[in-house]
4 protein chains.
Amino acid sequence: MVEFHVDRGSGFPAYLQLGQQVREAMRLGWLQPGDRLPTVRDVVATSGVNANTVLKAYRELELAGLVEARQGSGTFVKGTLGSAAPEVLDPLREGLAKWVAEARSAGLEDEDIYALLREVLSGGAQ
Amino acid sequence: MVEFHVDRGSGFPAYLQLGQQVREAMRLGWLQPGDRLPTVRDVVATSGVNANTVLKAYRELELAGLVEARQGSGTFVKGTLGSAAPEVLDPLREGLAKWVAEARSAGLEDEDIYALLREVLSGGAQ
Amino acid sequence: MVEFHVDRGSGFPAYLQLGQQVREAMRLGWLQPGDRLPTVRDVVATSGVNANTVLKAYRELELAGLVEARQGSGTFVKGTLGSAAPEVLDPLREGLAKWVAEARSAGLEDEDIYALLREVLSGGAQ
Amino acid sequence: MVEFHVDRGSGFPAYLQLGQQVREAMRLGWLQPGDRLPTVRDVVATSGVNANTVLKAYRELELAGLVEARQGSGTFVKGTLGSAAPEVLDPLREGLAKWVAEARSAGLEDEDIYALLREVLSGGAQ
DNA sequence: GTGGTCTAGACCACC
DNA sequence: GTGGTCTAGACCACA
């Protein structure tokens with residue numbers, strides 16, 4: 001089961017954070033087609049966000065074709081995102097974890113790590 | 001010289017994007033204490049954002065003690081962010097680039113990679 | 001300029017009524033690409049609907065690619081809907097008006113007329 | 001026999017769709033006083049809607065004096081709607097069908113046609 | 001009890 | 001002054 005964590009006061013809209021977390025869970029295989037998302041009320045209880053904010057996040061996922069809301073029964077994962085199978089992801093995750101350990105022991109903070117990744121992904125100096 | 005890229009319509013506030021990009025450039029050593037930030041006018045021309053938005057971003061960086069506005073001459077980097085020296089960053093960047101190459105050849109998209117990193121940084125299953 | 005009329009208490013969601021009216025105005029050529037929709041505040045004043053309801057309608061039109069919201073300046077028609085040129089529409093409208101006059105003088109109410117049209121469009125008995 | 005078609009996900013409440021379809025069938029003479037409506041069970045099977053939703057639709061029609069529920073035997077049309085006799089309706093239907101054929105061959109979509117009719121019924125520019 | 005609609009109002013981002 | 005975000009809470013449609 002996915003649990004959401006909303007960082008309020010970061011300026012980052014709460015409904016976007018929720019949407020992103022669903023997308024990431026789908027990419028990582030935590031959410032598979034047919035799985036039910038936490039109910040709106042669950043998310044409200046868990047994350048402290050208002051119900052309408054959750055609804056908005058779910059509605060946008062629905063419009064994106066990723067989930068499907070069924071009145072009275074819940075919201076369900078419909079589409080897929082990211083093609084990576086666990087057999088592929090697991091060794092990569094392991095390799096990345098090793099690299100992260102190195103980076104941290106060299107004194108890098110998480111923000112440094114994100115910055116480095118963005119640099120590398122965007123192909124150097126950009 | 002740093003060049004800003006603002007993604008409008010992503011829901012992510014423009015002034016936060018600018019601030020984040022300055023911070024990342026500082027972390028990666030692209031911006032060093034004493035360096036001058038692009039002028040507001042430059043950023044407007046480059047990114048299509050309104051001047052007030054740029055001013056707001058710079059003002060917040062100044063309040064954070066990271067930059068200093070000098071009337072008539074521009075805005076200059078004052079503080080530092082991230083403790084990593086180039087001698088430390090370079091081999092890490094290289095290691096990361098190698099891992100990214102692997103991940104991509106395994107079919108992962110950039111979003112998959114970000115998701116994996118977030119997972120690893122947050123300590124596994126979260 | 002388009003003016004909205006929202007029928008509250010019909011059970012028909014207000015935001016759908018607004019969306020439909022924009023779409024119809026586009027079909028009839030009352031709204032052309034580049035035209036500005038009434039501001040959210042205008043609609044609130046005109047129709048008595050809440051601002052968020054209007055925003056929701058406009059956001060859905062934007063997601064459908066029909067309009068574009070520009071912060072600080074308004075919401076503008078972007079796409080097109082219905083290919084009918086005025087030269088084509090005008091004679092048809094005239095013919096229809098004539099038929100409507102007949103139907104009404106035969107005692108039909110508007111609801112009868114809608115029912116008839118729906119029957120004819122759906123191809124008879126269906 | 002009337003057959004219901006409920007469009008879920010249109011935002012239009014299912015019970016209103018059912019009610020409207022009964023009303024239209026009455027206006028067009030498909031349902032006459034004394035006729036029996038489909039059983040709730042039939043509608044559930046046909047339209048995929050929940051039984052309570054059908055019951056709610058029938059209850060509202062009953063409150064409007066249009067139908068009458070007889071315990072154990074079904075729901076029957078009681079009142080009338082629309083004053084048009086078949087001798088009146090048929091030629092009008094024919095005239096409308098001719099107009100619709102014209103409109104379609106001019107490239108109009110059904111939505112265009114509905115928009116035009118609404119415009120004409122509401123008396124022009126509204 | 002599920003998702004959905006609407007409201008009223010505060011506050012923010014942007015021009 | 002423009003659109004947008006978020007909240008709190010009432011109420012509805014549906015299973």
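In what follows, every chain begins at residue 1, and chains take the letters A, B, ... in the order their sequences are listed. Any value given below was found using the heavy atoms of this structure, including those in side chains, with hydrogens, waters and symmetry copies removed.
Between A/Lys78 and A/Glu62 there is no salt bridge, since none of the side-chain N atoms of the basic residue sits less than 4.0 Å from a carboxylate O of the acidic one.
Nucleic acid contact class of C/Glu62 (heavy atoms, under 4.0 Å, all strands): sugar-phosphate only. No contact: C/Arg36 has no heavy atom under 4.0 Å from any strand.
A 4.0 Å heavy-atom criterion places the boundary nucleotides of DNA chain E facing chain C at E/dT5 to E/dC15, written 5' to 3'.
Atom CE in D/Met26 sits 9.5 Å away from atom CG in D/Asp35 (nearest 0.5 Å). B/Thr46 OG1 to B/Glu3 CD: the interatomic distance, rounded to the nearest 0.5 Å, is 5.0 Å. Rounding to the nearest 0.5 Å gives a distance of 9.0 Å between CD of D/Glu111 and CZ of C/Arg23. In this structure, the separation between OG on A/Ser73 and CZ on A/Arg36 is 8.0 Å, given to the nearest 0.5 Å.
Looking at which nucleotide of DNA chain F each of D/Asn50 and A/Asn50 is closest to, the 5′-most match is held by A/Asn50. Closest-nucleotide positions on DNA chain E for C/Asn52 and B/Thr53 were compared, and the one nearer the 5' end corresponds to C/Asn52. Both D/Gly11 and C/Arg41 sit near DNA chain E, but only D/Gly11 has its closest nucleotide nearer the 5' end. Across the interface with DNA chain F, nearest-nucleotide mapping of A/Lys56 and C/Asp42 shows C/Asp42 to be the residue nearer the 5′ end.
Residues from residues 13-26 of chain B placing a heavy atom under 4.0 Å of any atom in DNA chain E, listed by number, are B/Pro13, B/Ala14, B/Tyr15.
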Take D/Thr53 and D/Asn50 through the side-chain contact (heavy atoms from CB on, under 4.5 Å) test and state the conclusion after the steps. CA-CA 5 Å; D/Thr53 303; D/Asn50 183 277; 3.9 Å; yes
Passes side-chain contact (heavy atoms from CB on, under 4.5 Å), A/Leu37 versus A/Val2? Steps please. CA-CA 8 Å; A/Leu37 294 187; A/Val2 191; 5.8 Å; no
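Nearest heavy atoms, D/Val43 versus D/Pro38: CG2-CB, 3.8 Å. Pairing each heavy atom of B/Ala57 with each of B/Leu18, the nearest pair is CB-CB, 3.8 Å.
With both pairing distances under 3.5 Å, F/dC14 is matched to E/dG1 as a Watson-Crick or G-U wobble pair.
Whole-Å rounding puts the D/Leu55 CG to F/dC14 P distance at 13 Å.
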